[in-house]
Amino acid sequence: GENVEQHPSTLSVQEGDSAVIKCTYSDSASNYFPWYKQELGKRPQLIIDIRSNVGEKKDQRIAVTLNKTAKHFSLHITETQPEDSAVYFCAASQGTGGGADGLTFGKGTHLIIQP
Amino acid sequence: DVKVTQSSRYLVKRTGEKVFLECVQDMDHENMFWYRQDPGLGLRLIYFSYDVKMKEKGDIPEGYSVSREKKERFSLILESASTNQTSMYLCASTRTGGLGQPQHFGDGTRLSIL
């Protein structure tokens, strides 16, 4: 089955700096890579996702890059703000089930934004 | 906006009890999922369902079963609860569509088995 590794487990950055979280996956058949943000005591919320037919996707301060050859993908957050503090999860699935695919998650990164 | 509702935020049960966790979604989604979340382990897939009465095992199905009698409702059943099933349980749903569909999560049920 799929295995997703996520690094680092904790990331502390100064407010206004950039943050990068990296994930690798094992199953070359994976095609769908979402990122979730989970604030303390709340549900995971999808913040951005990428499919294997593109290499990069951007939404305001958030971007995701995908390297299918190397089987890794990364989340980039620029101009970090205090409200970016949360746990971030990457995930992967084959995505070919038209929605009927369970996600395999990384173990999470606790992002701390220092004022 | 998608609404995934889990019946309980907190639940305390005893070892050996049969436990039911309920999840309802209001967007007519075909696919529903159950995950458990443990500190340092991320989210792990227990079971999922792509249609009424259909179910598929995820990565950690042992000790669990599921029921999907109606499209909007997906139940997770702990046949005989054990202390190692103390965890946060999250339900999610997606519609059927093209390559990769976003999963929408409920608020979770924090289950403690004593």
Side-chain angles (χ1 to χ4, degrees), chain A residues 1-10 21 23 25-27 29-54 57 59 64 66 73 87-110, chain B residues 1-6 9-10 23 25 27-52 54-61 66 68 74 88-110:
Chain A
E2 175 65 279
N3 182 51
V4 176
E5 300 279 346
Q6 182 172 348
H7 299 280
S9 57
T10 304
I21 302 170
C23 289
Y25 61 99
S26 62
D27 188 351
S30 287
N31 285 297
Y32 176 61
F33 307 93
W35 286 88
Y36 285 84
K37 174 183 179 182
Q38 187 176 32
E39 297 176 25
L40 191 63
K42 296 193 174 180
R43 69 180 71 184
Q45 297 265 22
L46 179 75
I47 54 171
I48 196 166
D49 57 8
I50 191 167
R51 294 166 179 82
S52 60
N53 52 355
V54 297
K57 184 176 178 181
D59 183 4
V64 58
L66 171 65
F73 55 114
V87 178
Y88 291 80
F89 293 96
C90 63
S93 78
Q94 290 192 7
T96 51
D101 305 276
L103 293 170
T104 300
F105 284 83
K107 291 184 168 61
T109 296
H110 185 193
Chain B
D1 197 21
V2 178
K3 184 91 171 150
V4 179
T5 304
Q6 294 183 231
R9 287 301 305 272
Y10 302 93
C23 175
Q25 50 90 9
M27 284 300 292
D28 202 35
H29 284 175
E30 292 81 7
N31 312 296
M32 297 186 75
F33 306 82
W34 276 106
Y35 295 87
R36 65 177 281 176
Q37 182 176 17
D38 299 287
L41 295 179
L43 286 76
R44 293 177 292 165
L45 180 65
I46 304 171
Y47 265 98
F48 66 100
S49 168
Y50 54 89
D51 201 352
V52 174
M54 306 307 292
K55 60 184 179 184
E56 293 283 346
K57 292 180 180 178
D59 298 319
I60 51 163
V66 290
R68 187 137 181 235
F74 192 34
M88 170 69 85
Y89 290 87
L90 289 159
C91 175
S93 72
T94 70
R95 68 179 182 89
T96 292
L99 178 65
Q101 293 298 316
Q103 294 195 7
H104 303 272
F105 285 88
D107 285 329
T109 296
R110 186 166 293 283

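Within the 4.5 angstrom heavy-atom criterion, atoms from both the backbone and the side chain of A:Pro44 approach chain B. For B:Glu56, no part sits under 4.5 Å from any heavy atom of chain A, backbone or side chain. In this structure, chain B has no heavy atom under 4.5 Å from any part of A:Phe33. No part of B:Arg44 comes within reach of chain A, as not one of its non-hydrogen atoms sits under 4.5 angstrom from that chain. Looking at B:Asp59, the atoms closer than 4.5 Å to chain A (heavy atoms on both sides) all sit in the side chain, from C-beta outward. Proximity to chain A (any heavy atom under 4.5 Å) is shown, for B:Phe105, by both the backbone and the side chain. With a 4.5 Å cut-off on non-hydrogen atoms, B:Tyr47 does not touch chain A at all. Both the backbone and the side chain of B:Leu43 come within contact range of chain A, with heavy atoms under 4.5 Å apart.
Put simply, the side chain of A:Lys107 reaches to within 4.5 Å of the side chain of B:Leu41, judged on heavy atoms.
The minimum heavy-atom distance linking B:Pro102 with A:Arg51 is given by the pair CD-NH2, 4.2 Å. When all heavy atoms of B:Arg9 and A:Gly41 are compared, the pair lying nearest together is NH2-O, 3.4 Å.
Interatomic distance, B:Phe33 CZ to A:Asp101 CG, rounded to the nearest 0.5 Å: 7.0 Å. To the nearest 0.5 Å, atom CD of residue A:Gln38 and atom CG of residue B:Leu90 are 6.5 Å apart.
Per-residue heavy-atom pair counts under 4.5 Å with chain A were compared for B:Ser49, B:Ala92, B:Gly108, B:Gly40, and the maximum is reached by B:Gly40. Taking A:Leu103, A:Leu46, A:Asp49, A:Thr104 one by one and counting their heavy-atom pairs under 4.5 Å with chain B, the maximum is reached by A:Leu103.
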